[in-house]
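All remarks here apply to the structure that follows.
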Amino acid sequence: MSSYDDQDAFEAASLSARAMAARPMPYLDELNPAQRDAVEALDGPVLMLAGAGTGKTKALTTRIVHLLNTGRARPNEILSVTFTNKAAREMKERVGRLLGQAIEGMPWMGTFHSICVKLLRRHAELVGLKSNFTILDTDDQLRLLKQLVAASNIDDKRWPARALAGVIDHWKNRAWTPDNIPASEAGAYNGRGVDLYAQYQVRLKELNAVDFGDLLLHVVWIFQQHQDVLEQYQRWFKYILVDEYQDTNVAQYLWLRLLAGGHKNICCVGDDDQSIYGWRGAEVGNILRFEKDFPGAKVVRLEQNYRSTPHILKAASGVIRGNEGRLGKELWTEAEDGEKVRLIGHWDGDEEARWVGEEIEAMQKGTRGMRPFSLNEMAILVRASHQMRAFEDRFLTIGLPYLVIGGPRFYERLEIRDAMAYFRLVVSPDDDLAFERIYNAPRRGLGEKAFQKIQMTARSNGVSLVDGSRILLESKGIGGKGAVELSRLIEGLDRWGRMVGSPEVSHIELAEIVLDESGYTAMWQNDKTPEAPGRLENLKELVKALEGFENLQGFLEHVSLIMDNDKSDQGEKVSIMTLHAAKGLEFPAVFLPGWEDGLFPSQRSMDESGIKGLEEERRLAYVGITRAEELCTISFAGNRRVFGQWQSNLPSRFIDELPEEHVEVLTPPGLYGGGYGAASGGIESRVAEADVYNSPGWRRMQSRSQQRPVSQPKETKNQVIDLQATSSHTMGERVFHQKFGYGEIVGIEGDKLEIAFEKAGTKKVVARFVCGPDDIPF
DNA sequence: GGCTGGCCCATTTTT
DNA sequence: TGGGCCAGCC
């Protein structure tokens, strides 16, 4: 192997010698029995089933330290895979801390993708690539696919390139190469999918490029076709560790199986109950099948939870119990009981947002008989990002600082991508996709027509777009302002290219020169739109980020794989994010709004994936609840505006699955008085109205609303109506609904009425939301 | 070649 | 309801 690895080996030897001297192993004493079990079972396959908050990272990192400490492996002989860069970074830090020194010598700790890049650079020629291949982001990928779709005379209205990208992505996740697609998929993308996939792969090879899926796919292919290469790595990686195993897709699974095929020293850590990425190719089956794949595997369950109170854990358990085919785990804790999970219903989404805002303010002050919570300790977790809007609007109105986590990442922003395209071109002028991105940014008077000319010239001469431009300019195939600007761009690229690696110009200076001389910075300086200053700010930040690298190439490599943006925002803020984004995080107080059937569980999930989809939604609910340390508040709204249309929803079926002894119902009586068990009809009236009135939560609500009215006039009105309209409805009765107007009852099902509205069509609504036509309060 | 109005559509997202 | 995208106009 390369000298790089020898260097690692050297460090490893000295490091492990030092570590050996440090025996006995105090780190083992810090573990509970199950964790210790998982750490000490070093040889052979191990499945560590680690529930939420059970100290999985601790076990994993200690295991690595133990491997080193016992002399089983040197740092560069351990393959340790995660899904995100963040997880990899955290793991490195924690191993370093345990060892008492930074670990430079673990080159094989990283994401699936970053490790695959390393492997593929070494063996690129085996798949017909050069080792300096570029990694395309989704944007480049889409542009390429659009070209292919256009060339195939396909109506991209009916068959958008985006859909094709989805299909190809799906196939790559399953490790299907174009000649390998099952017949059942032949109809994909109007029957052209397989053909276009093949074309796409050819184009990628021509461009000396790969997409994210290829990173794994190519390496798996190499391992399958070149036994010698595979064996080399099987020997080299003496121990394999995998984090979040429940999230692996088929390609990743094959990759791991191939690498572990020799010694089978593989330790997979995961939680089948937290598998929430099925829609992007993850296979829960991988973790469920582990013992079959690796006979004699040791299975260790981490069930002692160090995060949440018993009420929270039991509520979460109650929900997840509804799933079939689980490996089975029951979390427990030594913590004090704490607060029950709180449940509250609201009239509509706006009211829900208003209530959450006020509740957060109240909790900050430490009212409600609880300790004060700082804003940083609270989070709102939603199913879909469009739900965030109501909260943002509300928080802006009341001046509550918040932070949306997720959203467009730094490196996905337009200006950053443009700047990166410039850098890519400077480093490798053959990068046609980069050229296509910036040839007219800033505006150079080069439009579609000019680009086509460049493209044709390049094609017919078999050269890159940059060289095609040169030929076109020489042959005067293009004139006017465009020609002047184009030749200036090409000259610039040549000039900047010569500065790469120059001792006089640092790569940071070079980046500044490129952005200035190309006119890119000026473009945003002259831009009057409100976003322009922010974009300039981002560009500055980009240049600053270069400081951490030795050269532009190193930076580009890094960025193509690392899309994190570290939002180190100062000041206390409530976090708002999706449930997916919340996985792996924890907060003392968590709000889970929007628990309505159709929204959560999502209708689309259920329609598309049936019971499988519903189970994944249920796992999402489980993930949500288990993010909370001390206080978890679930809420739902009877009405919500969806695409501008009012829609009436039933409370989520997951609400019925919450064990009542761990739930405190805050819902004001009358607003949703039938008890939260009403949706299934199974646990009807277990929260009788009298109980609700007497519940401490309701009393607290009452006392608080005297200090500051929670209810807006509109809502108070409804409460009054609702109390009068206690569910004694009859078929055919004419009723009135606040949002839908007049209608006739055509079905009664417990607490729910099916009503044929005169204007809004037939809908199911909770009885409390309608009243007789004579009771209309206005 | 750039702007604007109308049309269509509308989870979850990492690398 | 609102954002992204395209066609058609200047």
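Each chain gets a letter, A, B and so on, in the order its sequence line appears, and its residues count up from 1.
In this structure, the nucleotide among C/dT1, B/dT12, B/dT15 sitting nearest to the side chain of A/Phe643 is C/dT1. Here the nucleotide nearest the side chain of A/Thr578, chosen from B/dT11, B/dT15, B/dT13, is B/dT13. Each of C/dT1, B/dT13, B/dT11 was ranked by its minimum atom distance to the side chain of A/Arg641; first place goes to C/dT1. Nearest to the side-chain atoms of A/Ser605 among the listed nucleotides B/dT11, B/dT13, B/dT15 stands B/dT11. If you check B/dT15, B/dT11, B/dT14 against the side chain of A/Arg280, the one that comes closest is B/dT14. Minimum atom distance to the side chain of A/Trp279 is reached by B/dT13, of the listed B/dT15, B/dT11, B/dT13.
For A/Tyr233 and A/His123, the ring centers sit closer than 6.0 Å to each other. With ring centers used as reference points, A/Tyr277 lies under 6.0 Å from A/Trp279. For A/Tyr402 and A/Phe391, the ring centers are positioned 6.0 Å apart or more.
With the nearest nucleotide of DNA chain B identified for both A/His386 and A/Leu215, A/His386 has the one nearer the 5' end. Judged by closest nucleotide on DNA chain B, A/Lys449 is the one of A/Lys449 and A/Ser602 placed further toward the 5' end.
When the C1' atom of B/dT11 is taken as reference, atom CZ of A/Arg162 falls 14 Å away, rounded to whole Å. Distance A/Phe212 CZ to B/dT15 C1': 4 Å, rounded to the nearest Å. Protein atom CD of A/Glu608 is 13 Å distant from nucleotide atom P of B/dT12, rounded to whole Å. When the C1' atom of B/dG1 is taken as reference, atom CG of A/Leu486 falls 16 Å away, rounded to whole Å. Residue A/Gln603 contributes atom CD, which lies 15 Å from atom P of B/dA10 at whole-angstrom precision. Note: CE (A/Met388) to P (C/dT1) measures 23 Å, nearest angstrom. Rounded to an integer number of Å, the gap from A/Leu620 CG to B/dT13 C1' is 12 Å. Whole-Å rounding puts the A/Gln647 CD to C/dT1 C1' distance at 13 Å.
Among the heavy atoms of the strands lying under 4.0 Å from A/Glu617 is at least one base atom, whether or not backbone atoms are also near. A/Arg389 comes within 4.0 angstrom of the backbone, heavy atoms only, and of no base.
Distances shown here put every side-chain N or O of A/Arg443 at or beyond 4.0 Å from the OP1 or OP2 atom of B/dG1. Residue A/Asn440 places none of its side-chain N or O atoms closer than 4.0 Å to OP1 or OP2 of B/dG1. Within the 4.0 Å cut-off from OP1 or OP2 of B/dT15, not a single side-chain nitrogen or oxygen of A/Thr138 is found. Residue A/Ser385 places at least one side-chain N or O under 4.0 Å from the OP1 or OP2 atom of B/dT12.
For the pair A/Arg618 and A/Phe654, the cation-pi test (distance below 6.0 Å, angle within 45°) is failed.
If you check distances only, the side chain of A/Arg383 never reaches the base of B/dT11 with a donor-acceptor pair under 3.5 Å.
The aromatic ring of A/Tyr277 does not sit over the base of B/dT13; the criterion of centres under 5.5 Å apart with planes under 30° is not met.
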Take A/Gln246 and A/Asp272 through the side chain to side chain donor-acceptor pair (under 3.5 Å) test and state the conclusion after the steps. CA-CA 6 Å; A/Gln246 77 282 353; A/Asp272 50 321; over 6 Å; no

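Ring geometry for A/Phe435 against A/Phe451 counts as parallel: the plane angle stays under 30°, on a 0 to 90° scale with 60° as the upper cut.
Atom C1' of C/dC6 sits at a distance of 25 Å from the matching atom of B/dT11, rounded to the whole Å.
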